[in-house]
Number of protein chains: 2
Amino acid sequence: MNAIKTDTEQKIIQAAHEVFIEKGMEGARMQEIADRAGINKALLNYYFRSKEKLFDAVFESTVASIIPQFASMLNMVESPQEIMFSFFNFYNTIFRENPYMPQFFFHEIWQHPEKLEGIIKSQNINPEELIRKMSESMPKFDESKFFPQHMIASVMGMCLFPHIARPLFQRLFFDNNDTQYNKFLEERTDFLMKIVGGIASESTNSISDNPDEDF
Amino acid sequence: MNAIKTDTEQKIIQAAHEVFIEKGMEGARMQEIADRAGINKALLNYYFRSKEKLFDAVFESTVASIIPQFASMLNMVESPQEIMFSFFNFYNTIFRENPYMPQFFFHEIWQHPEKLEGIIKSQNINPEELIRKMSESMPKFDESKFFPQHMIASVMGMCLFPHIARPLFQRLFFDNNDTQYNKFLEERTDFLMKIVGGIASESTNSISDNPDEDF
DNA sequence: GTCTATATGCAGATAGAC
DNA sequence: GTCTATCTGCATATAGAC
């Protein structure tokens, strides 16, 4: 809303972002935020009245930076394959750079879902519209009336899991080797596209007005 | 390890379980745990020396109650379809009854992954063995050497997502209607089995020594 | 074992100098 | 705007009576 933020304000937001995202709202310490920002605790309260308000500011700025990409992705989509492909890339770029972010979101999802819903709907994202589009482009897969929701949940789950479970998953199945795991993540888009290609072609082969069948 | 726990101890563990799982380690309050257990705060410290030790006790008892089911599931498995099917049912029963549990685990995954790894490996779960089995039963799907890992990550992600994202997902795509969402969850095993059936048959059709191809 | 009362410590917030 | 010093409150932990 407001225009240019001061330099200090930016440093605070940045530091707070790091700490909140790693430690969560409850686990974060104002002292640590101040330290990372290279300023004093008191300044935090000068700029943001309280810890809670600081958290809200951080959260909203984080969401605000992501949602637009997400929205434009959803809105420009025509075929299910495009949706999937965009999802994969989206998640892989966002979360590889910000490994703690999913946890951050999930915390809010459970503690203040209504707030998140508000933020999302205030952007130009329309869930009903998305469902409608998907229903049209793959209507014959089976008789479930929740087919689009199943698809969305599946794609998101497949994309998210390697990121949100990474510390344990990498330990158990990759000898805790970072290099190997990154290779795995790089492969993953291809792998998922093959899966979804299969599912989508089953669902669209009755209509087949999609030129990009061979995804 | 130790034998029968006292009644009070049980009540504490139960109450602590609830609170920790809803609020997390940092967000939980000893007072609230005491209240729910119907006892005094001081007693918590009498039975468990500190909040941290109480948390550890709760966490290990939770894991201990789940891992055995998980382990026997993995070990009795012969075909990939069986693995998937077991996963679906496992997650759906566990997490529908304990909606906060995934968050609880993910918190530990990020804060103390080595602890979790230790607990898991101390049970009779062997990740390498699982990977080996899966490689044998579906070797030809593609050239990726991480194919089993992709499958595991995919299945877990598809199972978990509707549970861990429920508060938001239900709001966005189900008008926040519990009944509808539960229907969706009930449908989900079928849906996922169809998907995996497709993938698995693609991967096994070159060998086809599996009698349960028609899953 | 269970309680009440109290101590301790620390994190968030404020006051006020510069 | 930024700092040092201080206050306040709360959560964990302990002491000690019963």
Apply ring pair (Phe, Tyr, Trp, His ring centres under 6.0 Å) to the pair A:F146 and B:F173, showing each step before the final yes or no.
CA-CA 10 Å; A:F146 296 132; B:F173 295 115; over 10 Å; no
Fit a plane to each ring of A:F169 and A:F184, take the angle between them on a 0 to 90° scale, and name the class: parallel (under 30°), tilted (30 to 60°) or perpendicular (over 60°).
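Tilted: the ring planes of A:F169 and A:F184 meet at 30° to 60°.
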Hey, can you tell me if A:Y100 and B:W110 have their rings parallel, tilted or perpendicular (30° and 60° cut-offs)?
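A:Y100 and B:W110: tilted rings.
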Salt-bridge test for A:K41 and A:D35: reply yes if a basic N is under 4.0 Å from a carboxylate O, no otherwise.
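No, no charged N to carboxylate O under 4.0 Å.
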Between the side chains of A:K133 and A:E129, is the shortest nitrogen-to-carboxylate-oxygen separation below 4.0 Å, so that they form an ion pair?
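The answer is no: the pair does not qualify as a salt bridge.
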Looking at every strand, decide which applies to [X] at a 4.0 Å heavy-atom threshold: base, sugar-phosphate, or nothing.
| X | value |
| --- | --- |
| A:A34 | nothing |
| B:Y46 | base |
| A:L44 | nothing |

Please state how far atom [atom1] in [X] lies from atom [atom2] in [N], giving the value in whole angstrom units.
| X | N | atom1 | atom2 | value |
| --- | --- | --- | --- | --- |
| B:F55 | D:dT12 | CZ | C1' | 16 Å |
| A:K11 | D:dG1 | NZ | P | 13 Å |
| B:Q10 | C:dG1 | CD | C1' | 16 Å |
| A:M30 | D:dC10 | CE | P | 17 Å |
| B:Q31 | D:dA13 | CD | P | 13 Å |
| A:L43 | C:dG16 | CG | C1' | 14 Å |
| A:E9 | D:dT2 | CD | C1' | 15 Å |
| B:N45 | C:dT4 | CG | P | 15 Å |

Which listed nucleotide ([options]) is nearest to the side chain of [X]?
| X | options | answer |
| --- | --- | --- |
| B:Y47 | C:dT4, D:dT2, C:dG1 | C:dG1 |
| A:A42 | D:dG1, D:dT4, D:dA15 | D:dT4 |
| A:K41 | D:dG1, D:dT14, C:dA13 | C:dA13 |
| A:N40 | C:dG12, D:dT4, C:dT4 | D:dT4 |
| B:R29 | D:dA11, D:dG1, D:dT4 | D:dA11 |

Short side-chain N/O contact to C:dT2 OP1/OP2 from B:T8, under 4.0 Å:
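Checking C:dT2 against B:T8, a side-chain N or O does come within under 4.0 Å of OP1 or OP2.
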